[in-house]
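Residue numbering restarts at 1 for every chain, and letters A, B, ... go by the order of the sequence lines.
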2 protein chains.
Amino acid sequence: MTVTLADVAARAQVSPATVSRVLNGNYPVAAATRERVLKAVDELDYVLNGPASSLAAATSDLVGVLVNDIADPFFGIMASAVQAEIVGPGGRAGGERLAVVCNTGGLPERELTYLTLLQRQRAAAVVLTGGAVENEEHIAAVAAKLRRLTEAGTRVVLCGRPPVPDTDTVALTFDNRGGARQLTEHLLSLGHRRIGYVAGPEERTTTRHRLEGHREALAGAGGPTPDDLVVHGPYDRASGYTATRELLGRAPDLTALVAANDTVALGACAALREAGLRIPEDVSVAGFDDLPFSVDAVPALTTVRLPLSEAAARAGRIAMDREAAPEGGVDEVRGELMVRGSTGVPREA
Amino acid sequence: MTVTLADVAARAQVSPATVSRVLNGNYPVAAATRERVLKAVDELDYVLNGPASSLAAATSDLVGVLVNDIADPFFGIMASAVQAEIVGPGGRAGGERLAVVCNTGGLPERELTYLTLLQRQRAAAVVLTGGAVENEEHIAAVAAKLRRLTEAGTRVVLCGRPPVPDTDTVALTFDNRGGARQLTEHLLSLGHRRIGYVAGPEERTTTRHRLEGHREALAGAGGPTPDDLVVHGPYDRASGYTATRELLGRAPDLTALVAANDTVALGACAALREAGLRIPEDVSVAGFDDLPFSVDAVPALTTVRLPLSEAAARAGRIAMDREAAPEGGVDEVRGELMVRGSTGVPREA
DNA sequence: TTGAAAGCGTTACCAA
DNA sequence: TTGGTAACGCTTTCAA
């Protein structure tokens, strides 16, 4: 029924081994033979059997990309950049490698399930993006999984989450703490004193680091952090909306708002507008990330050195090429966090 | 080195065949035996070899999802919804199936390359999302590919693009023409007469259908379509920005603007703001799609019957289950197009 | 309900 | 440079 390597070999009058060699281009093959083979491939409209190939070669051309939420442009950009990098040399459309994008929803179980699924597929590489869940048990489970993956030859790259000790993985991290500090310091320098903070979900590295940076800035300005001005919630628009309403209820006098990411910032803006407040005249809003739509909602505040897409592209490159990785397997590449915001001086300040 | 089915069989004191049956749950296996096998699987930390399994079974648990631009939230939402539906029964995290998201960038070659790659992987199903390129040669090539895929047992679902004749595929289409007509009619009813139109890229079904709807509405209002008020460009933010500046240059008197999609609308808004115009006081903006961020940029205008995510989820369901498909292989499911907009009465109208 | 064994289509090693 | 041929690890008849 379906055309196999043997059929091609027969038609080209060569052995299956030769056809395989031509297709993989790993071994030297006489030009004439190669032509004959390619012609046969074309005539028979032959398509390699991936599973068979992967079985024999003990590796596949699949690259897993774990994201917290593919519907969030932040991860869409990451996935896109990684995918662009994993294509084979020559940048031929689609390349050889296929990106398997896995939506974890930020759920620990799903993260593990997907890693197992990718292990099952004998994925060539796996890129884990976004903040990690900070739960001791889960961290250990993930570490164990990653260890098993790397032992099986799968390359693992972490992008936006802390390195995992004792694993042959490479981590590319963002300066969440520093970015948050700068952001809040900037607001403080403008005279803001009552600053609300819409934080991400609990038990997440990004949430914690950004919040720590925020607190550092406040502490530096002399004041302690008013805990009633911090509200946690998921990294989505609805959460930004809800949290902002909550904050406005608690502190009608706040003049600035920091959102844990751009998507959350959008929800915050919506809540502020609904409350009749003008941005940034009444309340300044600042968010992280570097999503295109935030340019409209929240004009740029701080420039960044390593755009999100470039960071992700780099992760993709590392996944494909050990050489691209920093020296030492488990190293850390410092990126810069994106910081955007719409800022103004506080009312009566 | 790595644990195989045989190892599990040995430890559980059964034949490999039995282990396979337990793992796949397709054949009846004595409860006691099953327990013993699962125990062995657990103890050995066994992970099935996907490629080997796919080779033997002649099908994989991979589902391809072709999107034009994964960084665009529109497709992110689609990919997300499809992925949520293709997980195995019980909705277990990650399920059995893996979504392979392929970024075509709207390029015909890449679309074909990805289809070949998925064919090579013996994908269980393929979902093509978004508008199709209207190029005779390409259409024929895609049709041929899809035919080959379905013949090989791969289920193919089209979501947001026209059916492909003579193929065993299912299409789920949106009413692009009708949506566009309604949108423009709405603007006309508000008194707008000079309406700019930022169209999508040429040779794309969505571009053509939406533009046709727009022209129908204008024609219905008596006037011919002023061609100088239509500018084409890619479906991205930059294009919306550029096109809007172009339109403002050509017709400083326009009071409304229709953007081919939400992402384009954002760019349009940015250009308008930059020009010192207020939305919707000076210029009304309307866009398609149903992206969360557009709620901020462009308040809702028209409600919709079938939200984008639900449409995509349905496509995912059809991909997995022939029963979910409309009667007749090549049928058409009518969805409703998302229409959003920020509208106001025209200046001095 | 379970086992034996024949593939599934490549790859890669060993010869030639 | 090319061919022969064992694996690769699983699924799936066919028997028992």
> Mapping B:Ala30 and B:Ala56 to their closest nucleotides on DNA chain C, which lands nearer the 5' end?
Replying inline: B:Ala30

>> Tell me every residue that passes side-chain contact (heavy atoms from CB on, under 4.5 Å) with B:Glu43, counting only those two or more places apart in sequence or in another chain.
In response: B:Arg11, B:Lys39

> Among all residues two or more places apart in sequence or in another chain, which pass the side-chain contact (heavy atoms from CB on, under 4.5 Å) test with B:Glu35?
Replying inline: none

Could you give the [atom1]-to-[atom2] distance, from [X] to [N], as a whole number of Å?
{"X": "B:Asp61", "N": "D:dT11", "atom1": "CG", "atom2": "C1'", "answer": "14 Å"}
{"X": "A:Leu55", "N": "D:dA7", "atom1": "CG", "atom2": "C1'", "answer": "9 Å"}
{"X": "A:Asp7", "N": "C:dC8", "atom1": "CG", "atom2": "P", "answer": "12 Å"}
{"X": "A:Leu5", "N": "D:dC8", "atom1": "CG", "atom2": "P", "answer": "19 Å"}
{"X": "B:Asn49", "N": "D:dG9", "atom1": "CG", "atom2": "P", "answer": "7 Å"}
{"X": "B:Arg34", "N": "C:dT2", "atom1": "CZ", "atom2": "C1'", "answer": "14 Å"}
{"X": "B:Arg122", "N": "C:dT10", "atom1": "CZ", "atom2": "P", "answer": "7 Å"}
{"X": "A:Gln121", "N": "D:dC8", "atom1": "CD", "atom2": "P", "answer": "20 Å"}

Just list the side-chain donor-acceptor pairs under 3.5 Å for residues 137-149 of chain B, sequence neighbours left out, or say none.
unit_1   : atom_1 : unit_2   : atom_2 : d
B:His138 : NE2    : B:Glu111 : OE2    : 2.9
B:Lys145 : NZ     : B:Thr116 : OG1    : 3.3
B:Lys145 : NZ     : B:Gln119 : OE1    : 3.1
B:Arg147 : NE     : B:Asp166 : O      : 3.1
B:Arg148 : NE     : A:Asp45  : OD2    : 3.3
B:Arg148 : NH1    : A:Asp45  : OD2    : 2.7

>> Any non-hydrogen side-chain atom of A:Val22 less than 4.5 Å from a side-chain atom of A:Leu38?
In response: yes

> Going by heavy atoms in the side chains, are A:Thr150 and A:Thr169 under 4.5 Å from each other?
Replying inline: yes

>> Looking only at the side chains, is there a donor atom on one of A:Ser20 and A:Asn24 sitting less than 3.5 Å from an acceptor on the other?
In response: yes

What protein N or O atoms touch nucleotides 3-5 of chain C N or O atoms at under 3.5 angstrom, if any, and at what distances?
unit_1 : atom_1 : unit_2  : atom_2 : d
C:dG3  : OP2    : B:Ser15 : N      : 2.9
C:dG3  : OP2    : B:Ser15 : OG     : 3.2
C:dG3  : OP2    : B:Thr18 : OG1    : 2.7
C:dG3  : N7     : B:Arg21 : NH2    : 2.6
C:dG3  : O6     : B:Arg21 : NH1    : 3.4
C:dG3  : O6     : B:Arg21 : NH2    : 3.4

>> Among residues 41-48 of chain A, which ones have heavy-atom contacts with DNA chain D below 4.0 Å?
In response: none

> Would one find a side-chain N or O of A:Asn24 under 4.0 angstrom from OP1 or OP2 of C:dT11?
Replying inline: yes

> Is any side-chain nitrogen or oxygen of B:Thr4 closer than 4.0 Å to OP1 or OP2 of D:dG9?
Replying inline: no

Donor-acceptor pairs under 3.5 Å, side chain of residues 58-68 of chain B to any protein atom, not counting sequence neighbours: which ones?
unit_1  : atom_1 : unit_2   : atom_2 : d
B:Ser60 : OG     : B:Leu62  : N      : 3.2
B:Ser60 : OG     : B:Gln121 : O      : 3.2
B:Ser60 : OG     : B:Arg122 : O      : 3.1
B:Asp61 : OD1    : A:Gln121 : NE2    : 2.9
B:Asn68 : OD1    : B:Thr104 : OG1    : 3.3

> B:Asp7 side chain to B:Thr4 main-chain N or O, any donor-acceptor pair under 3.5 Å?
Replying inline: yes

>> Give me the atom names and distance for the closest heavy-atom approach of A:Arg161 to A:Ala171.
In response: O-CB, 4.1 Å

